[in-house]
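These notes are about the structure you will find just below.
In this chain, residues are counted from 1 in sequence order. Both counts, for ligands and for their atoms, begin at 1 and track the order of listing.
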Amino acid sequence: MRGSTNDSNFRLVNEQGEDIIQLPVLKGTVGFEVVDVRHLFDKTGFCTFDPSFGSTASCRSAITYIDGDAGILLHRGYSIEQLVEKSSYLEVAYLLLFGELPTASELAQFTRDITYHTMVHEQLTRFYTGFPRDAHPMAVMAAVVSALSAFYPDSIDVFDPQQRLISIHRLIAKMPTIAAMAYKHSVGQPFVYPQNHLDYSANFLNMMFSVPAEPYNPNPVFAKAINALLIVQADHEQNASTSTVRTVGSSRANPFASISAGIASLWGPLHGGANEAVVEMLQQIGSKDRVPEFIKRAKDKNDSFRLMGFGHRVYKSYDPRAKVMQKICDEVLHEVGHDHDPLLELARELERIALADEYFVSKKLYPNVDFYSGIIERAIGIPSPMFTALFAIARTSGWLAQWKEMIEDPDQRIARPRQLYTGATKRDYVPLERRTAKNGTPSGSGRPMPSEPAIVGG
Ligand code: SDX
């Protein structure tokens, strides 16, 4: 069997060159074309096999376009470089959600809609006292965001556009509050309420770092850096956490549950957790003279160590977000003093050596957005467990835009992949007395050894 394409069809033919099936080829506005395999199984009994979806388009989307070879990232057609330079996070959130840059009155209304939803239900604060002080902020955020559906039953009907919009406002508005409360809980300081006179980024800094005992004025360089970080991390087409939100949302679960699932996926160190892992890696390396040792380890197939903050599934040239963040990084380091933290100098040395190394160049492993975001946030004074929490705040607008697009897509059905089954074929039940331990079955199978007293009761 082999495939070939003519202008609008992908033909599967047998050894004799006879058509098995013709599959439509779908074209987007820009980028690669796709073979529509939706009816492949029904018509041929064949499935495609693509476990990490490297060759699979899961949906149509008009929100974000990435050209990984050219290092291009567009949101609704606007380049990430222009958006970071000229826009604000709430304006980008509006663009992602509604498809166009807002007019002045639309932006003012959207900002008001977000601002007046930034407080959380006072009862929600009690959730935090149940967490240990050292609970990871992402564990807290996933739990608290999911619990929001219990406090806002008036906006969980996903088939009601008005309720969808209110939930979108509530989630974008409350994520910084929820994240900052997780930080305050971890350091034993009182929660700081949102301040409506502050913009989105300054408000987050205020909720993170102000204390009742003295006045606090958010540093404008830091606020600008937070705004840039929020924009570059807002959306990134069908990454792991966005695909998770789409999958959970496809069952028509409420938006709070869907976003909570996205938070859980983003937490992984290969995804949004990478920025925290970058700092841990730099601390592990410790000094510039040990960089070659770790570069060697990263190249060793028998060593699980990877250079965190390097590489990307889609970008096979420089991550355009990393380039943008380099400039922001310099501004923040200038503000705090370049000798502020030896770890930051170590990061620069690691980047210099890795980018000159044949292994990384040949595998197109460049610094990604997570390499710089961690360095910037550390310089601002944000503790590393909060780096991914900030990523979750940013990605909430992208997750919601993708969720909204999925819910509004008339072709969308519940996500239900197939599998290639590799397990046992049909066999009969074996009574307990005739069973014997098999290779690989854990010896401690929970049944007490004769010498051990059986545990009775709970
Ligand atoms: C994000 O998808 C998105 O868009 C994600 C994201 C977003 O905005 O949503 O951009 C955010 O998650 C950025 C990525 C953050 N993760 C990290 O920085 C973790 C370190 N990077 C890697 O683990 C890796 O690069 C991934 C997970 C990012 C990509 O993995 P892939 O696409 O599955 O690539 P791969 O693991 O198949 O690697 C290809 C080769 C392998 O070598 P070979 O088997 O071909 O010999 O490159 C090697 C890998 O061993 N490699 C690395 C490496 N990353 C890949 N070697 C050393 N260090 C690394 N960081």
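- Met308 CE, 3.5 Å is the protein heavy atom nearest to atom 19 (C) of ligand 1.
- Only side-chain heavy atoms of Arg395 come within less than 4.0 Å of ligand 1; its backbone N, CA, C and O stay farther off.
- Taking a cut-off of under 4.0 Å to the non-hydrogen atoms of Ala274, the atoms of ligand 1 that pass are 15 (C), 16 (N), 17 (C), 18 (O).
- Distances from atom 27 (C) of ligand 1 to the heavy atoms of Leu270, Asn275, Asp370, Val278 show the closest one on Leu270.
- Looking at heavy atoms from C-beta onward, Phe391 lies out of side-chain contact with Ser373 at the 4.5 angstrom threshold.
- In terms of protein heavy-atom proximity, atom 55 (C) of ligand 1 is closest to Leu365 CD2, 3.6 Å.
- In terms of N/O distances under 3.5 Å, ligand 1 is approached by Phe310.
- Between the side chain of Ser146 and the backbone N or O of Ala142, no donor-acceptor pair lies under 3.5 Å.
- For Glu237, no heavy-atom contact with ligand 1 is shorter than 4.0 Å.
- Scanning all protein heavy atoms for the shortest distance to atom 28 (C) of ligand 1 gives Gly311 O, 3.7 Å.
- Atom 29 (C) of ligand 1 has its closest protein heavy atom at Arg313 N, 3.8 Å.
- Side-chain atoms of Asn368 come within 3.5 Å of backbone atoms of Gly309 as a donor-acceptor pair (strictly under, hydrogens ignored).
- Phe294 and Phe305 have their aromatic ring centers within a separation under 6.0 angstrom.
- In this structure, the protein non-hydrogen atom closest to atom 48 (C) of ligand 1 is Tyr359 OH, 3.7 Å.
- No donor-acceptor distance shorter than 3.5 angstrom exists from the side chain of Ser265 to the backbone of Gly262, with no hydrogens or angles considered.
- Of the protein's heavy atoms, Asn239 CB, 3.4 Å lies nearest to atom 2 (O) of ligand 1.
- Closer than 4.0 Å to atom 13 (C) of ligand 1 lies at least one heavy atom of the protein.
- No donor-acceptor distance shorter than 3.5 angstrom exists from the side chain of Tyr78 to the backbone of Glu81, with no hydrogens or angles considered.
- No part of Tyr366 comes within 4.0 Å of ligand 1, judged by heavy-atom distances.
- Under a 4.0 Å criterion applied to the non-hydrogen atoms of Ala298, ligand 1 contributes the atoms 56 (N), 57 (C).
- Closest to atom 35 (P) of ligand 1 by heavy atom, among Arg306, Lys316, Lys363, is Arg306.
- With Asn239 contributing its side chain and Glu237 its backbone, the two residues share a donor-acceptor pair below 3.5 Å.
- Judged purely by atom type and a 3.5 angstrom limit, Thr388 has no side-chain atom pairing as donor or acceptor with the backbone of Pro385.
- Here's the thing with Leu307: one of its N/O atoms is less than 3.5 angstrom from an N/O atom of ligand 1.
- Contact detail for Ser210 and Lys184: the closest heavy-atom pair is O-NZ, 2.9 Å.
- Side-chain contact check for His236 and Thr242: no donor-acceptor pair (N or O, by modelled atom type) lies under 3.5 Å.
- Contacts with ligand 1 closer than 4.0 Å are made by no heavy atom of Lys299, backbone or side chain.
- Within ligand 1, the atoms closer than 4.0 Å to a non-hydrogen atom of Gly309 are 17 (C), 18 (O), numbered from 1 in the order shown.
- Using a distance-only test at 3.5 Å, with no hydrogens or angles considered, no donor-acceptor pair links the side chain of Thr177 to the main chain of Tyr193.
- Contact annotation: for Asp319 versus ligand 1, there are no heavy atoms closer than 4.0 Å.
- The protein non-hydrogen atom at the shortest distance from atom 4 (O) of ligand 1 is His236 ND1, 2.6 Å.
- The protein heavy atom nearest to atom 10 (O) of ligand 1 is His312 NE2, 2.6 Å.
- Put simply, the side chain of Asp50 gets close to the backbone of Thr56: a donor and an acceptor are under 3.5 Å apart.
- Pairs passing the salt bridge (Lys or Arg N to Asp or Glu O under 4.0 Å) check and including a residue from residues 382-409, sequence neighbours excluded, read Arg164-Glu408, Arg246-Glu405, Lys404-Glu408.
- A heavy-atom separation below 4.0 Å is found between Lys301 and ligand 1.
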